[in-house]
Trainee: 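Please find one structure pasted underneath; my questions will follow.
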Amino acid sequence: MSPYDPGSVVKVIRAPAPGAVRGAYRVFGETLRGLKTTFMRVVEGPITIQYPEEKTPVYPRFRGRHKLHRFETSDPANPGLEKCVGCSLCAAACPADCIRVVAAENTPDNRVSAGERYAAVYEINLSRCIFCGYCEIACPFDAITMGHDYEMSDYTRSDLIFTKEMLLAEPIERTPLRREGE
Amino acid sequence: MPRPERKTIQLTIDGREVQAIEGTMLVDAAKQADVEIPYFCYEPKLGNPVGACRMCLVEIEGIPKLQTSCSTPVKDGMVVHTRTERVRHAQNAVVEFLLVNHPLDCPVCDKGGECPLQDITFGWGLGHSRVIEPKRHFVKPLALSPLVAIDRERCILCYRCVRFSQEISEDYQLIFTERGSHAFVATHDGHPYVAPFSGNIVELCPVGALTAQPYRFRARPWDIEGGAGVCTLCPSQCNVTFTVRDEKVMRVLARDNEGVDDGWLCDKGRFAYQAIHVDERITRPLVRDAGVLRPTSWERALEAAAGLARHRGRVGTIVGGQASNEEGLLLARLSREALGSSDIDSRGMAGSGEAGAPIPADLARVLAAPALQASVPDIEFAHTVLLLGCDPRDDAPILDLRIRKGVRRHGVRLAIATARPTALEANAKLGVRCEPGGEGRLAAALAQAIDGTVDAGAPAEIAELAQLLRDGGEDVVILYGERIGAEGAAALVRIARALRLAERDGAGLICLPAGANGRGLREAGAVPDAGPGHGELDGPAGRGCAEIAEAAATGEITALHLFGTDPVRELPDRALWRRAMRSAALVVAHASVLTEGLAEHATVVFPAESHAEKDGTVVHPDGRLQRLRIAIAHPGEVRPGWAVLAELARRCGLETGVRHAVDAFEQLVAAVPVYEGLTLEEIGGGGVRWPERPQASALAPGEPTTTGGEAPSGDGRAPDAAAASNGALRLGTYRPLWAAPECEISPSLKFLVPRQRLELSPADARRLGIDDGAEVVVAQNGTRLNATAVVRTGVQEGSAFLAQGLAADSANELTEPTIEVSAR
Ligand code: SF4
Ligand code: SF4
Ligand code: SF4
Ligand code: SF4
Ligand code: FES
């Protein structure tokens with residue numbers, strides 16, 4: 001017999017049943033005590049956020065959907081080189097194993113990044129990502145950062161695999177940031 | 001020289017009592033005792049340590065200065081400290097020093113993640129540097145050769161690559177130029193470093209200075225898996241690890257096996273993996289339909305191939321050298337049991353062309369006697385090594401390195417008796433040339449000189465060779481090519497008896513077969529004149545390759561079954577094979593690439609497996625059974641070879657009972673007496689040599705019934721007088737390492753695929769007015785080949801050599817023993 005065997009008879013211990021006065025207090029008194037907080041807050045007005053028409057603002061360091069970055073240029077028609085060199089360090093750091101990088105070599109006619117190599121394939125499976133931000137920390141070139149976007153639901157799982165193009169593009173809907181002191 | 005005896009001594013490392021073999025280096029002794037000492041330049045495979053990097057400094061009591069543990073042999077009673085403040089300070093300083101000029105571009109460096117410099121900097125470095133001066137810069141990335149990229153900024157000047165080139169492969173191409181902090185690795189005049197073993201420097205380099213071009217940026221260590229396998233592109237059967245990403249082989253690394261490859265690979269084995277994933281590869285069954293090979297279903301292809309059963313008794317089977325033992329056994333069963341034909345041959349080039357009759361079964365059995373088998377390490381520790389009718393550089397390249405190692409480090413005396421000068425000529429103590437095809441006669445003359453049947457009158461060179469073999473120490477290892485033929489094999493039996501090779505552990509024979517698994521296929525019974533395990537056949541012997549071709553051309557054989565080979569491409573006498581394949585009513589082939597013969601004549605082509613996909617066993621020339629394992633999934637519709645053969649046999653009316661690869665292995669073990677009781681576990685990762693197992697005694701060699709014939713008229717050395725007199729040259733052939741379809745379709749090996757070269761002696765070149773490098777036309781019976789002349793001093797006057805197995809202008813087109821040469 002294991003030392004933790006409770007035996008075959010199980011005894012249930014109950015509190016004694018309340019009397020009439022105590023029972024009535026339980027029903028009305030306790031309820032009113034709870035409602036006190038409610039009535040006190042009514043004067044403050046509603047604070048419900050009407051999502052999705054209205055969005056919750058996030059803190060600046062909130063870890064939302066990732067973004068890949070380019071070097072800035074003043075000419076919008078001629079975007080800068082990608083910062084990512086396809087080193088796969090983010091993939092190595094990722095605890096959810098949801099980043100896939102396939103690197104390729106830059107050539108003079110096809111220069112994609114500033115280094116010798118670039119990411120020919122860069123995919124993040126957002127359905128697996130746990131938004132820990134390790135990829136951002138691992139990246140030696142600040143090429144990947146965690147953005148603020150948290151709206152990522154979709155109808156199929158495969159649509160949650162974000163490709164390099166999707167990650168490089170500016171998100172259409174910007175998530176509001178929390179203001180100072182908010 | 002025989003292996004030296006070593007005694008064990010005691011020393012103390014970091015307070016631990018450590019036992020070590022006398023003469024081991026401190027760093028190795030420490031490793032055995034689980035004490036880690038960081039190092040860069042030390043690599044025992046490269047021979048004596050050089051102490052170039054100073055990373056391995058330790059403190060030894062009684063010696064005032066820190067010592068390099070990589071070059072300090074252990075001594076009895078030594079007391080060593082590896083963790084003191086002084087040592088730590090030195091290690092920090094060395095790391096800082098090595099990083100003075102190092103770019104630290106790990107994110108774009110291919111070595112990142114598996115780089116000793118990263119690990120050691122992390123583990124033994126200070127974490128910061130005081131150096132603010134600019135680093136040195138080189139142009140990068142730069143191609144050292146089409147296969148290797150060099151980044152000189154990353155080089156830490158450890159000497160490993162240079163030592164490999166100078167002391168291991170002895171191609172003497174890589175050097176350090178400039179001095180001090182300006183030093184960098186280069187070739188003498190900046191020419192590309194192209195050598196048969198160049199890829200090894202990529203694995204040796206402890207940093208990302210040397211990287212493989214085909215692997216450039218393909219994957220990171222955390223993206224990949226390793227699959228242990230065996231390279232079956234030549235008989236060396238090197239042990240390899242396939243680096244696999246997304247079910248694709250990305251690179252091939254050496255898997256050290258002292259008994260096989262000593263940790264090296266040739267560039268074919270290292271880079272020809274690309275042939276697995278190219279568009280040229282066949283991945284669906286093809287059936288000829290209205291004259292054109294078209295992709296079809298397995299069902300249709302198998303049904304068409306089962307037509308072999310209608311040609312009962314008239315089917316010829318040719319087995320390519322890359323087939324596994326199990327496939328060999330199944331093919332032999334299919335041919336003998338279902339198709340009623342013993343016309344099956346796996347010996348390929350051997351025993352045809354100028355070489356004459358192949359080695360008959362009784363001689364092969366005697367030569368395969370367990371006591372006569374030398375192991376690969378025996379080459380290194382022998383007193384004398386004789387190369388008889390083979391050139392390891394082309395036939396089994398890794399053994400070339402092993403012989404060089406023996407000569408350089410252990411004082412092995414090398415003797416060479418071949419028609420064509422070998423790559424080892426400069427290392428040889430003695431060389432005897434014979435005319436092409438004269439190896440057999442040369443061996444016979446040598447046998448007579450050794451066993452004293454002719455005491456006087458042997459030519460001086462042969463007498464000298466005989467004396468070296470007889471009196472130069474008991475451990476003699478003879479490497480011979482199958483091209484020595486029946487006569488040479490009979491002579492070899494006599495030589496082995498006279499030298500008492502069977503009585504010494506370190507002495508013996510190694511046969512270099514033409515096919516990668518030539519030995520295993522013979523043992524599995526895929527030869528016309530013997531059953532599994534060199535056993536007797538029930539019926540009469542069948543036809544060999546050459547006779548199959550003739551019989552098919554004349555209509556006696558009406559169907560051909562070609563497993564992993566295209567005879568038009570691979571075998572001598574292309575014209576005959578073209579006729580044979582055209583006349584055959586049914587040609588069933590298993591192939592990865594459509595080479596000429598298959599593209600034009602095959603009726604059914606099954607997609608064949610590559611060596612990274614196969615499950616089976618192969619036998620190394622020294623008798624080591626090795627296991628091929630599945631490293632990647634079969635691409636496309638490719639099916640395992642054993643499964644296709646078992647299904648084909650079923651449709652031809654033979655229930656083989658093979659439902660799984662293991663069944664085929666078990667049948668093999670049951671069929672071959674010397675493999676008795678063998679399990680896949682016993683073979684394991686490193687293989688097992690059957691001549692060393694007790695069951696090897698099941699092979700009773702017996703007495704050969706074939707003798708070398710009457711006393712030979714010549715000794716094979718003198719060129720044919722008739723040939724020389726009318727200006728014609730005697731033709732010898734060889735198979736270059738790179739003449740393989742795998743190299744032709746591997747993108748980065750294409751540049752190595754040979755064009756035809758005519759090798760001739762300086763005297764003949766002068767007589768014919770041909771300069772080195774001139775374009776010439778080789779003619780014979782109306783067949784004309786284009787070639788580039790190469791004047792080689794080692795070539796005997798009156799002889800000339802052409803390469804076999806090329807796609808165009810190949811020596812396989814020629815059939816006669818002599819050729820006419822004229823300038824183009
Ligand atoms: S946030 Fe974390 S889980 Fe998500 S991709 Fe980055 S490392 Fe992986
Ligand atoms: S995002 Fe950064 S860490 Fe990831 S592959 Fe690109 S450069 Fe490397
Ligand atoms: S290239 Fe590599 S192996 Fe050669 S000296 Fe430099 S660091 Fe050593
Ligand atoms: S020597 Fe032969 S077995 Fe070894 S890697 Fe080269 S081709 Fe493969
Ligand atoms: S490993 Fe000892 S000096 Fe380099």
Trainee: Whether the side chain of B:Arg245 engages the backbone of B:Met250 through a donor-acceptor N/O pair (distance < 3.5 Å, no angle test) should be reported.
Mentor: no
Trainee: Specify whether A:Tyr150 and A:Phe62 have parallel, tilted or perpendicular ring planes, treating 30° as the upper limit for parallel and 60° as the lower limit for perpendicular.
Mentor: perpendicular
Trainee: Quick one: what part of A:Ala104 sits under 4.5 Å from any heavy atom of chain B, side chain, backbone, both or neither?
Mentor: backbone
Trainee: Check for me whether B:Arg152 meets the cation-pi criterion with B:Phe184, that is, NZ or CZ under 6.0 Å from the six-membered ring centre and within 45 degrees of the ring axis.
Mentor: no
Trainee: Are a donor atom and an acceptor atom from the side chains of B:Gln274 and B:Ser748 found within less than 3.5 Å of each other?
Mentor: yes
Trainee: Is chain B contacted by the side chain of A:Tyr118, its backbone, both, or neither, given a heavy-atom distance below 4.5 Å?
Mentor: neither
Trainee: Quick one: what part of B:Cys109 sits under 4.5 Å from any heavy atom of chain A, side chain, backbone, both or neither?
Mentor: backbone
